[in-house]
Amino acid sequence: MDTNIGSLDSSNPANNDVGCPPNGTVSAIKNSVPASAISSSEATLGRHLARRLVQVGVTDVFSVPGDFNLTLLDHLIAEPQLTNVGCCNELNAGYAADGYARCRGVGACVVTFTVGGLSVINAIAGAYSENLPLICIVGGPNTNDFGTNRILHHTIGLSDFSQELRCFQTVTCYQAVVNNIEDAHEMIDTAISTCLKESKPVYISISCNLPGIPHPTFSREPVPFSLSPRLSNKQGLEAAVEAAAEFLNKAVKPVIVGGPKLRVAKACEAFVELADACGYPFAVMPSAKGLVPEYHPHFIGTFWGAVSTAFCAEIVESADAYLFAGPIFNDYSSVGYSLLLKKEKAIIVQPDRVVISNGPAFGCVLMKDFLRELAKRLQHNNTAYENYARIFVPDGKPLKAEPREPLRVNVLFKHVQEMMSGDTAVIAETGDSWFNCQKLKLPKGCGYEFQMQYGSIGWSVGATLGYAQAVPKKRVISCIGDGSFQVTAQDISTMIRNEQKSIIFLINNGGYTIEVEIHDGPYNVIKNWNYTGLVDAIHNGEGKCWTTKVTCEEELIEAIQNATGDKKDCLCFIEVIVHKDDTSKELLEWGSRVCAANSRPPNPQ
């Protein structure tokens, strides 16, 4: 029997800003719009889809036009409450919809058939892995071409048009191929409601000759979705709470840890209620950062094994009982399967299931219900928190830089920390920014997002575009490595075009630093770009954009003062030149452990 969790021996905070809507609902759904008749010119498939998107909270769609979706785009932009955000490529359109969904609760992108669909699919896979509701809309072939032997452009040269659909079946929870106006209303509504219920992407293909066709099913304003809430099995819930309370109440120094599935379970508030009631110290797994308030008095940091916040792992791993709410134990979050956790000490709470130690499991029990009921049954116990308070030593500060000394990464993030407030949000790119941003202390209301499960480099450019479009009142601070930026740089153009005011720190260290620390080689060195010159060329005098390059702390301070002062209404791009070997200590440790996990020899046959 396995006795370890995340080891080699094993075979949105309480506010909407970080995508955890309150009260267990998709906050974007409106429930007060009366059904009323609409004119026949607007009773079309395209306008129905547009109205549905607005109704569930999508007021911006990220698109790349192609001949199969042009008519559909005409009908989407005709909706007064829907803005079309044209992107430079489909991958970034998907990433933007991902970032948008993290804030709004749902996002949407529109691309063309096959060449667009297969280009966006990497972003859709990332959203699937992160449990994000994302509506991917594809303009499909003319209805008259289905079932014929015709070969169409934008395909692989076969008369079978199902290739794109088959690719999407593994990365979406529902697929609708709309090539018949009679059942279009049902298919579109089923797809969108399934997206919201499952919190996963869906695929909707709409034949290019259908968007402008009126139909009686579209003749009235769509009745708002009334999604049947999932309910816990009452007997199962009571049994699970009773067993968990008995398990935890007999422990001497229990702790609780929040995981990334708090978001999909809509249990962020319930988790905080549990923390308030029990007195235990609580931590978050790295991909749950930003889902619960870090200003809570019993918050002890990020639990990430050997690269945890100082003193956090010691308290968690030495506890005699721990409750993990919504964890994902993969090779990255377990630091190469090196966590010192034991199953017999653990309660694992998933969105609809509770497993206690090596013993009983309870299905059909919703996480938010379980945590709220458990809070009523636990005895207050702050022993583990008192232990933490006794050993805690405040963070040190980076060594003071000499005048004009080359800028160090830890000095950069000291100043990033000072920029943060409830009016900002942080986007951390895959790479060393994971580790440096993880150490930032989030003030109340400050959003935070990164893509840990999928870890696709370049994600943050599109995600910054989408997040900033979703909450224009917040200023997004993005920390992006040079290697990642080279993958998706084009949509800086879209940010400028849409008058966004994000601050992007481009960390130029000459290569794929995270991969260097896992396994070095000449392939990790990239061609250096003149990044500020590139962004200036994209700007081209149209819109508001300001760039600068910094090499020392004095220049960084001046740049930040400009970005938050005279240039506060501009997109600000700050290229930060640092040494190629200047990394966080956490990356050095994590990289060596992940390398060890990757290089395990095959088991003997």
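A donor-acceptor contact shorter than 3.5 Å links the side chain of Asp160 to the backbone of Ser162. Formation of a donor-acceptor pair under 3.5 Å by the Lys289 side chain with backbone atoms of Leu440 is found in this model.
The 12-atom threshold is exceeded at CD of Gln169, counting heavy atoms of other residues, nucleotides or ligands nearer than 6.0 Å.
With 3.5 Å as the limit, one finds a donor-acceptor pair spanning the side chains of Trp459 and Asp98. Side-chain polar atoms of Asn179 and Thr143 form no donor-acceptor pair below 3.5 angstrom. Side-chain atoms of Tyr95 and Asn122 include a donor-acceptor pair closer than 3.5 Å. Between the side chains of Arg104 and Thr59, at least one donor N or O lies within less than 3.5 Å of an accepting N or O. Using modelled atom types and a 3.5 Å distance limit, the side chains of Thr71 and Asp74 yield no donor-acceptor pair. In this structure, a donor-acceptor pair under 3.5 Å is absent between the side chains of Ser199 and Asn131. A donor-acceptor contact closer than 3.5 angstrom links the side chains of Tyr531 and Gln486. Side-chain N/O atoms of Glu429 and Ser460 include a donor and acceptor closer than 3.5 Å. Arg166 and Gln163 share no side-chain donor-acceptor pair at under 3.5 Å. Under 3.5 Å, the side chains of Thr172 and Gln175 contain a donor-acceptor pair of N or O atoms.
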Apply salt bridge (charged side-chain N to carboxylate O under 4.0 Å, His left out) to Arg52 and Asp189, showing your working.
CA-CA 8 Å; Arg52 270 300 192 213; Asp189 282 9; 2.9 Å; yes
With salt bridge (charged side-chain N to carboxylate O under 4.0 Å, His left out) as the test, would you mind laying out the steps for Asp352 and Arg230 before giving the verdict?
CA-CA 9 Å; Asp352 57 2; Arg230 288 178 172 169; 5.4 Å; no
Given ring pair (Phe, Tyr, Trp, His ring centres under 6.0 Å), test Phe62 with Tyr100 step by step and report yes or no.
CA-CA 10 Å; Phe62 301 91; Tyr100 193 92; 5.6 Å; yes
Which is it for Glu449 and Arg263 under the salt bridge (charged side-chain N to carboxylate O under 4.0 Å, His left out) test, yes or no, and what are the steps along the way?
CA-CA 12 Å; Glu449 296 293 345; Arg263 188 205 302 266; 2.8 Å; yes
Hey, mind stepping through Glu130 and Arg102 against salt bridge (charged side-chain N to carboxylate O under 4.0 Å, His left out) and telling me if it holds?
CA-CA 10 Å; Glu130 302 270 328; Arg102 289 168 183 267; 3.3 Å; yes
Can you check side-chain contact (heavy atoms from CB on, under 4.5 Å) on Met285 and Ile328, steps first, answer last?
CA-CA 8 Å; Met285 298 182 76; Ile328 294 178; 5.6 Å; no
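Ring to ring, Phe573 and Trp546 are not that close: their centroids are 6.0 angstrom or more apart. Aromatic rings from His215 and His185 are positioned such that their centres are separated by 6.0 Å or more.
If you take CZ on Arg51 and CD on Gln55, they are separated by 10.0 Å, rounding to the nearest 0.5 Å. Atom-to-atom distance recorded for Ile457:CD1 and Ile514:CD1 is 10.0 Å, nearest 0.5 angstrom. Considering NZ of Lys549 and CG of Asn508, their distance stands at 7.5 Å, rounded to 0.5 Å. Summarising the geometry, atom CD1 belonging to Ile124 is positioned 11.5 Å from atom CG belonging to Leu118; distances are rounded to the nearest 0.5 Å. Taking CD1 from Ile492 and CG from Asp536, the interatomic distance works out to 11.5 Å, rounded to the nearest 0.5 Å. We find the SG-CD distance between Cys570 and Gln500 to be 13.5 Å, quoted to the nearest 0.5 Å.
For the side-chain contact (heavy atoms from CB on, under 4.5 Å) with Pro286, the qualifying choice from Tyr332, Trp434, Phe450 is Phe450, the only one to do so.
The closest side-chain heavy-atom distance from Val110 to Leu72 is below 4.5 Å. No side-chain heavy atom of Thr155 sits under 4.5 Å from any side-chain heavy atom of His153.
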